[in-house]
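For reference, the structure discussed in these notes is given below.
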Amino acid sequence: MAYNVAIDGPAGAGKSTIAKKLAEKINFIYVDTGAMYRAIGLFILRNNISYDDVEAIKSAINDIDIKIEYKDNKQLVLLNGENVNDFIREEKVGIYASKTSKYECVRSKLLDLQKELARTNDVIMDGRDIGTTVLPDADVKIYLTASSKTRAKRRYDELVAKGVECDINVIEKDIIQRDEQDMNREISPLRQAEDAHLVDSSDMTIDEVVNYILENLIKIH
Ligand code: DC
């Protein structure tokens, strides 16, 4: 039986950094489900479809094929055969991903793929609805969060390191708005599963969070 670890939480809580480190340490596959939603967002954006136009999205969804491959332990997202890893990290794509991920047709497109990856592999899977919907029977569920101030500061530092000019207050406002969207949609909203362990990383370093999870939560025999 495959061992499944589900990590959910809001944007900027450090999920992907922590999930990647954990996966490396215990030799699991890291499945980044946000990247799959981003690939769909990218398709909608590239095809000049409004994220509010549910009918157009419903028909576009039939033209979308998402596949996941692993190369040197790195997840590649293939959108209709094209590796789109280099295009999905832009802010605009994140907004499209958040806006379009509320639609049932988008979520059901990805659900089977996510379940299948977890059925056939030991995975650390991160997202918004992994513990609640995708892997309700996961061996370990973690809800990773941090204050919006901390998350904004992390994002600000990241952008400044890349030489991008930005305003920390605008970043925090965007983060709060994204949380609202993800937590208040009707289908599979972001929420802590009842049996998930809450980890607040506001005052913890990445390594502290990784070690805490390894020492206290993941029990592989
Ligand atoms: O984790 P991320 O920022 O890459 O995710 C982008 C968007 O995708 C996020 O705002 C909401 C959506 N998403 C989702 O609805 N369900 C998931 N399991 C993962 C992401």
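Just so you know, residue 1 is the first one in the sequence shown, and it goes up from there. On a predicted model such as this, the values are computed, not experimentally measured, just so you know.
The two residues Asp139 and Ala2 come nearest to each other via the heavy atoms OD2-O, 3.9 Å. The nearest pair of heavy atoms linking Gly12 to Arg154 is O-NH1, 3.6 Å. What you find for Ser59 and Asp63 is that their closest heavy atoms are O-OD2, 4.0 Å. Cys166 and Leu159 make their closest contact through SG-CB, 3.9 Å (heavy atoms, listed as atom of the first residue, atom of the second, distance). In terms of heavy-atom proximity, Ala39 sits nearest to Val84 at CB-CG2, 4.1 Å. Taking both residues in full, the closest heavy atoms of Lys219 and Asn216 are given as NZ-O, 2.8 Å, listed atom of the first, atom of the second, then distance.
Contact check for Tyr212 versus Asp207: no side-chain heavy atoms found under the 4.5 Å cut-off. Residues Asn4 and Met125 have side chains not in contact (no heavy-atom distance under 4.5 Å, counting atoms from C-beta outward). At least one side-chain heavy atom of Ile66 sits less than 4.5 Å from a side-chain heavy atom of Val77. Counting only heavy atoms from C-beta outward, the side chains of Val106 and Ile61 approach each other to under 4.5 Å. A heavy-atom distance below 4.5 Å is not found between the side chains of Leu117 and Ile29. Side-chain contact between Lys92 and Leu42 is absent, with no heavy-atom pair separated by less than 4.5 Å. You'll find the side chain of Ile40 reaches within 4.5 Å of the side chain of Lys109, heavy atoms only. For the pair Thr205/Val209, no side-chain contact is recorded, criterion being any heavy-atom separation below 4.5 Å from C-beta on.
Note that Arg46 lies outside the cation-pi zone of Tyr96, set by a 6.0 Å cut-off to the ring centre and a 45° limit from the axis.
Between Lys58 and Glu55, at least one side-chain N (NZ, or NE/NH1/NH2) sits under 4.0 Å from a carboxylate O, which counts as a salt bridge. Under a 4.0 Å N-O distance rule, the pair Arg89/Asp32 qualifies as a salt bridge. Ionic pairing of Asp52 and Lys99 is not present here: no N-O contact between side-chain nitrogen and carboxylate oxygen is shorter than 4.0 angstrom. The residues Asp112 and Arg119 are annotated as not salt-bridged, no charged nitrogen and carboxylate oxygen being separated by less than 4.0 angstrom.
Hydrophobic clustering, with ILVMFWY side chains joined whenever heavy atoms are under 4.5 angstrom apart, groups Val54 together with Phe43. Residues Val210 and Val5 are members of one and the same hydrophobic cluster, defined by side-chain heavy-atom contacts under 4.5 angstrom among Ile, Leu, Val, Met, Phe, Trp and Tyr. Using a 4.5 Å cut-off between side-chain heavy atoms of Ile, Leu, Val, Met, Phe, Trp and Tyr, with links allowed through other members, Ile175 and Val170 fall into different hydrophobic clusters. If you chain together hydrophobic residues whose side chains sit under 4.5 Å apart, Tyr143 and Ile213 never meet in one group. Transitive grouping of hydrophobic side chains (ILVMFWY, heavy atoms separated by less than 4.5 Å) keeps Ile68 and Ile7 in distinct clusters.
For the residue pair Glu172 / Ser148, a side-chain donor-acceptor distance below 3.5 Å is found, with atom types taken as modelled. Side-chain atoms of Ser101 and Arg185 include a donor-acceptor pair closer than 3.5 Å. A side-chain N or O of Asp182 and one of Ser98 form a donor-acceptor pair less than 3.5 Å apart. With 3.5 Å as the limit, one finds a donor-acceptor pair spanning the side chains of Asp200 and Ser202. Judged by distance alone, the side chains of Arg107 and Tyr37 do bring a donor and an acceptor atom under 3.5 Å apart. Side-chain contact annotation: Tyr30 with Asn73, donor-acceptor N/O pair under 3.5 Å absent.
We find the CD1-CG distance between Ile95 and Asp174 to be 6.5 Å, quoted to the nearest 0.5 Å. Atom NZ of Lys102 is separated from atom CD1 of Ile57 by 8.5 Å, given to the nearest 0.5 angstrom. Atom CD1 of Ile218 is separated from atom CD1 of Ile124 by 4.5 Å, given to the nearest 0.5 angstrom. Separation of atoms CG (Leu144) and CG (Asp126) is listed at 9.5 Å; rounding is to 0.5 Å. Separation of atoms CG (Leu78) and CE (Met36) is listed at 11.0 Å; rounding is to 0.5 Å. Separation of atoms CG (Asp8) and CD1 (Ile130) is listed at 5.5 Å; rounding is to 0.5 Å.
Checked by atom type and distance alone, the side chain of Glu116 never pairs as donor or acceptor with a backbone atom of Thr120 at under 3.5 Å. Remark: the backbone N or O of Gly131 is paired with a side-chain donor or acceptor of Lys141 at under 3.5 angstrom. A donor-acceptor pair is defined here as one N or O able to donate and one able to accept, closer than 3.5 Å; no such pair exists between the side chain of Glu158 and the backbone of Arg155. Looking at Asn121, its side chain never comes within 3.5 Å of a backbone N or O of Val123 through a donor-acceptor pair. In this structure, the side chain of Asn80 engages the main chain of Asp65 through a donor-acceptor pair within 3.5 Å. No donor-acceptor pair under 3.5 Å is formed between the side chain of Lys149 and the backbone N or O of Ala146. Side-chain atoms of Arg38 never come within 3.5 Å of backbone atoms of Val93 as a donor-acceptor pair (strictly under, hydrogens ignored). Between the side chain of Asp72 and the backbone N or O of Lys74, no donor-acceptor pair lies under 3.5 Å. Side-chain N or O atoms of Lys15 include one that pairs as donor or acceptor with a backbone N or O of Gly9 at under 3.5 Å. Judged by distance alone, with hydrogens and angles left aside, the side-chain atoms of Arg128 form no donor-acceptor pair with the main-chain N or O of Pro10 at under 3.5 Å.
The neighbour count for Ile206 CD1, taken as heavy atoms of other residues, nucleotides or ligands under 6.0 Å away, does not exceed 12. The 12-atom threshold is not exceeded at CG of Asp203, counting heavy atoms of other residues, nucleotides or ligands nearer than 6.0 Å. More than 12 non-hydrogen atoms from other residues, nucleotides or ligands lie less than 6.0 angstrom from OH of Tyr3. For CD of Glu90, the number of neighbouring non-hydrogen atoms (other residues, nucleotides, ligands) closer than 6.0 Å is 12 at most. A 6.0 Å sphere centred on NZ of Lys115 holds more than 12 heavy atoms belonging to other residues, nucleotides or ligands. Around atom CG of Asn184, more than 12 heavy atoms belonging to other residues, nucleotides or ligands sit under 6.0 Å away.
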Inset, instruction - Could you please spell out the steps behind the side chain to side chain contact (heavy atoms under 4.5 Å, CB included) verdict for Thr145 and Leu198? - result: CA-CA 8 Å; Thr145 189; Leu198 177 67; 3.9 Å; yes
